[in-house]
Structures are given as C-alpha cells and as structure tokens.
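The chains referred to below are lettered A, B, ... by the order of the sequence lines, with proteins before strands, and numbering in each begins at 1. This one's a predicted model, so the numbers in the text were calculated from it and none came from an experiment. Only heavy atoms go into these numbers, but all of them, side chains included; no hydrogens, no water, no symmetry mates.
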Amino acid sequence: MAERKRPKLAVWKFSSCDGCQLSLLDCEDELLALTEEVRISYFLEATRKIEKGPYDVSLVEGSITTPHDVKAIREVRRQSKALITIGACATAGGIQALRNFKSVKEFIRCVYAHPEYIDTLTTSTAISDHVSVDFELRGCPISKHQLLEVLNAYLNGRKPNVPRHSECIECKANGIVCRMVAAGTPCLGPVTQAGCGSLCTGKDRGCFGCFGPMETPNTAALAAHLKELGCSGRDVQRLFRSYNANAEAFRKESETHG
Amino acid sequence: MPAAEGTAPLAVILDQAGLDGLLTAIRAKGWRTIGPRVADDAVIYDEIETVADLPMGVGDEQKGGYYRLKARGDQALFGYTSGAQGWKRVLYPPRQKLFSAKRTASGFTIDPMAQPDAPLALIGVRACEMAAINVQAKVFGDKDFADPGYQGRLKGALIVAVECTRAGDTCFCDSMGTGPEVGTGYDIKLVEMVGKAGVTYVATAATDKGAKLLKAAKGKPAAEADLAAAAKAVKAAAKQSRKMETATSAKLKDVPEHARWDQVAARCMTCGNCTMVCPTCFCTTVEDVTDLKGDHAERWRKWDSCFTVDFSYIHGGAIRTEVRSRYRQWITHKLSTWHDQFGQAGCVGCGRCITWCPVGIDITEEVAAIHDSTKGRK
C-alpha cells in the first residue's frame, strides 16, 4: 500500500490532572507504532518540540474554568481539523465541576491568602459547552484501549467501536457477578456508560460512574433503588456528584436529593 | 433420550467419591469440565476439576433484584437453584472472533481459523437450562443459516444434567413447561439425594457416551426404590411461587399500546442485564477492528442487547428510542413472536431476568398485569 501522509497530532491540556494524557504515554506497547502513523506535533507532556498548527487531530484534556481557557479552546478549535475530547473533565467538567453547586467566591476566600491573584470562572464546564467537538471519549481516566481505538478508527476512516450502553453489559460480558444484586453494594453501573473494563466491579466495588451517563440513563429508577438498599438522600447525591457531577443526567438527579 | 428400546437405561448410585470418579473419567476422555463453583458471592459456571471445586453445602436465596448465598448445613453439591449466568457463556461466548484478514498487494487474504478448543463437558445443567440449550440449538440451527460455532460446541459437548429438588423464588419453569424435570438432550442425569447417611447420586445415562462414562465411574446398580425416591425428590421442585400466564404471554404482540408499557418504562433502566443473563437471548453485534496501519483486520461478534439504542439503528437513526418500546420488544419477542419465528416460546422460566434485574422487574408480573387487564376481552 502507498505510504499515507502522517496526520499531525496535538494534545492539549485545560483544567485537569493530566491522567488522560498519561493514558496516551501509557500505551507503551503501541506508542512506537502510533508514532509511525501520526506525527506528534504538540504534546508538552511528552516533548518540548512544538510544530505550528493547523493540526489534523487534537486531543483535548481538561475542562474550561478560566477566562483564559475560554479563549484558548477557541484557538485550539480553529487550528484543528478533528477535535476529540478525552476524559471526564473535558466531556463533563470533571470533579472540579463540584464548584458549580457552591459559591466559588467562598472557596477562593477560604483557600488563597491573596484572592486578588485568582482569575477564575464560577463554573467548570465541558469543552463541548464552548466549541463544537467531533468525538467525546469518556472516562476518569479514559481507557487507553478506547483511546487507541478512536485514533485507529480515525486513521482508517471508520467509526470507532465505543459503545454508549450501560456498564452492566460490559460486566456481564466479562463474567462479573453483579455487586448490587449479589452483595447489595450501591452501584452506578446501570446508568453509566461502559468502557472501563469493569475496573471497580471486578474488584468488588460498586461503579463510581467515571464514564458518565450512558445513552438513556434512568437515574430516577436507580436512585429509588439505592434508597431501598439503605442509601440516604445525601448518599445518593454524593454518588451522582463525583467525576461527572456536571453531566446533565447526573447533575439533574443529584439536584433532587440531599 | 432413553436408551435403545427394550433395555432399561443404565442407572447407578454414586457417592461423592464416585461422582469425583465420574469427573475424572470425563476429563480423561479429553473434555473440559465446566461446572458450578462459588466466586464473588454467587454460584458461577466455570472450569472445575474435582468434586472439591463444587459448591458444597451452598444454597441460595433469590428474589427480584436480589441474590444471596446461604449455608444449607449439609454436604449437598447441587443445593443451589441456578447459577448467575447460564451455559450461554460457554456455548455462545460473549466475544467471538469470526475471522481475521491481512492486506496484500492485490487485495486481502483471510487467515485460517484457529483450531476449536477442547470439547466441553457441562456439569450440573438444570431442566430450564437444558431447555434453553435446546431453544438456542433451534435458533442457531434448524433454519437456513446454521451457526457452525454454536452447533460445533454443542455437538462436541457432554451434558451432565442435575435435577432440581427445590425451586427458587424466581423460578417458574413449571408454568413454561420446561421443568422441573429435565427434558431431552443430556448424556447423564443426576438426582442428588441428601440423607442422614450422606449424599448420594442417582445417575442415569441417556446416551452411549453417557453409559460408557457411568460404567467407568463404577457405581452400584440403582434399585427400583432408589429410582422411585429420586422421582419423588424431583416433584418437590414443582412447588413454585411464580407462574407465567402463558395464554396471555403468547399474545403480547396483540397489545402494543397497553398502558403497562409506560409503567414498566418508568422502572426499567435499559441496562440490558435481563438480556445478558437470559439463557436464550442470542442477539449480537459485529465489530470490525483494524491495526493502526490498517493492514490487519478482524471481525468480532459480541453479545448485544435490544435494550441499547444502537440495536435498532438503521439508516438515519434508531427506531426504538423510547424505553417502553425497548422493553416491549424484548418481552414480546421472548414470549410471543418467538412462537412465530421458532414454533415455541423463547422463555424457559429460569427467572434470571427477575433476579439479576437491578430493580427487580418481574417478567411474570408484567404479563400478569396485562393478563388481568385483558381478562374477559376477546
């Protein structure tokens, strides 16, 4: 086959912990093969070498939390043919979106000795709230297998195999015995998108909802059941208010409990 | 199936050491023994080697959205009712590679398929599960498009059935006509007899390969009294607290606008658990994967569920966007239109969809509600 031109890849960071970018570096076995297929043009976590835009694919990590972010993401969009957001911060605002439910002014006053240096928005929001996004890859952090699949699909001009159904389907395929049914453990699996590889449920924990709401989440039915299992309204609220607190379905459900 | 006419089927009494001998004989013939064992707070069907792997003294309590193991206080090995997932996992695995291909200068070539794994011996198949295996054999076989994977695995398999001697709270095989007695298709059938003197097994062979293995296990011949006691023990499993209104369930296709669909939709999470644990649900999706260069491709078949949006995706969008239409599709196909397609119901009354539905939606209760509301109507 004729050599195809290597697309230029950029990796951007907004408000985030860097864990999702690390997932790319964590593709140890596949990283060399990947660099043969794409040209890493901008990836500060991996290299100081920077190539100017425009870029064929941009991976965007992190949420929008400052006025500077708002401007920067528009520039990234302008420079990118395809923009793929990676991780719960970029797709839903991340754990830092907990600020959306409280007074940010109060936080700043409590935490910083010199609040006057802090220039921040009152909310943490998803990239797609600010610019158009071509594909959203969920997870806190993302799964490196899904990241490779998305890049792979992009390179080969096909649709990525990233299902939007519940985590339960993945659990059953993996032969995991349901924690909620067999042990009474509160679990967000039925309303959470699959993709993590049953990380928590495979280790006798309930699902924390890292991959955000599944395609048609019936959070009210799950919340009612969690209460039958003994959760208080506050417990239910806290379950829905974590890494994907600002994802619409989880945010709305959390607002009805407390 | 009974042995040749005129000769009584071979029936022997085994103790647990004898049962272990039977497992050894099966493994010695090259079968991979899959059977019940305890893992993650449940009885699951997995690789087993000896009787020591089996769930001794373990019972279970099941109800809608609830499963707990219970100590029975005896030495029974098959004292539970049904495992968390059925035999579909091994006969029709959740992920199956259909083929792989390599790019060549002029096109592509298909790689030869890997040799199939060792044949399976399924140890502890219940009546409902035997029925489910037969239902899937029909789905994957007796029409125009036989599935070589399923048929190959089933053909090579040795089936050791175990009669139930009690029903769980979510069981309703009696009303589906699929139990409590094990129907056809097994090689060896066991009835576990738990008595003061210990635990014994009345083992009956139904096929030649079953008979050969039973002979190797060296049990003492079963007397008439043993067989009568075994038959009596099985009768106890017919006491079931749930039942399916089969006359109504077969006609669900006639009530697509019933108000009940909205009620169940309020509780249904479309998580798909019911379809995953159902021993007859057979739907799959196909995924093509490539390597980064695009020179190597694989096609995989994966379990899918009619509860996902993508399941009903056709050009332009999904046609079952509402929860009610997805639940209705599942239950109507399972109980009603399955008759049109395969000449029988797709439900065997194992109750897994009730137990493993996180919110305990009960297929028999949904049908009963529709039954009650349509009573007396023509």
Measure distances from B:Asp46 to the heavy atoms of chain A and classify the residue's part below 4.5 Å as side chain, backbone, both or neither. neither
Does any backbone or side-chain atom of B:Arg89 lie under 4.5 Å from a heavy atom of chain A? Answer side chain, backbone, both or neither. side chain
Under 3.5 Å, is there a donor on one side chain and an acceptor on the other for A:Tyr42 and A:Gln79? no
Option that, when pairs with chain A are counted at under 4.5 Å, heavy atom only, ranks first among B:Pro358, B:Pro93, B:Ala42, B:Ala84: B:Pro358
Is B:Arg352 paired with B:Glu129 through a side-chain N to carboxylate O contact shorter than 4.0 Å? yes
So which of B:Asp40, B:Leu292, B:Val289, B:Thr355 has the largest heavy-atom pair count under 4.5 angstrom toward chain A? B:Leu292
Considering only heavy atoms and a distance below 4.5 Å, find which of A:Glu149, A:Lys159, A:Arg179 pairs most often with chain B. A:Arg179
I want to know whether B:Phe311 and B:Trp330 have ring centres closer than 6.0 Å. no
Rounded at 0.5 Å granularity, tell me how far NZ in A:Lys5 sits from CZ in A:Arg39. 7.5 Å
Taken to the nearest 0.5 Å, the spacing of B:Asn273 CG from A:Ser166 OG works out to 6.5 Å
Note: B:Glu287-B:Lys302 ion pair, threshold 4.0 Å (strictly below): yes
Going by distance alone, is a donor N or O of one side chain under 3.5 Å from an acceptor N or O of the other, for B:Tyr327 and B:Arg267? no
Under a 4.5 Å heavy-atom cut-off, does chain A meet the side chain of B:Asp288, its backbone, both or neither? backbone
Residue pair A:Ser198 / A:Glu167, side-chain donor-acceptor N/O under 3.5 Å: yes
Spell out the residues in residues 274-284 of chain B that have some non-hydrogen atom less than 4.5 Å away from a non-hydrogen atom of chain A, in order of number; otherwise answer 'none'. B:Met276, B:Val277
Count the heavy-atom pairs under 4.5 Å between each of A:Asn156, A:Val177, A:Leu148 and chain B, then report the option with the highest count. A:Asn156
Output the option from B:Ser305, B:Ala39, B:Cys268, B:Gly272 having the highest count of non-hydrogen pairs under 4.5 Å with chain A. B:Cys268
Would B:Lys88 and B:Tyr92 count as a cation-pi pair here, with the cationic atom under 6.0 angstrom from the ring centre and within 45° of the axis? no
Parallel, tilted or perpendicular: ring planes of A:Phe240 versus A:Phe250, cut at 30 and 60 degrees: perpendicular
Under 4.5 Å from any heavy atom of chain A, what part of B:Phe307 do you find: side chain, backbone, both or neither? backbone
For a quick check under 3.5 Å, do A:Ser41 and A:Glu51 share a side-chain donor-acceptor pair by atom type? yes
Decide, yes or no, whether a salt bridge links B:Lys97 with B:Asp111 under the criterion of side-chain N to carboxylate O below 4.0 Å. no
Is a donor from one side chain sitting under 3.5 angstrom from an acceptor on the other, for A:Arg241 and A:Ser254? yes
Positions in residues 216-239 of chain A that reach chain B, provided some heavy atom is under 4.5 Å away: A:Thr216, A:Asn218, A:Ala221, A:Leu222, A:His225
Establish, from distance only, whether the side-chain atoms of B:Arg260 and B:Gln263 form a donor-acceptor pair under 3.5 Å. yes
Comparing A:Leu155, A:Leu34, A:Asn174, A:Asn152 against chain B, the one with the most heavy-atom pairs below 4.5 Å turns out to be A:Asn152
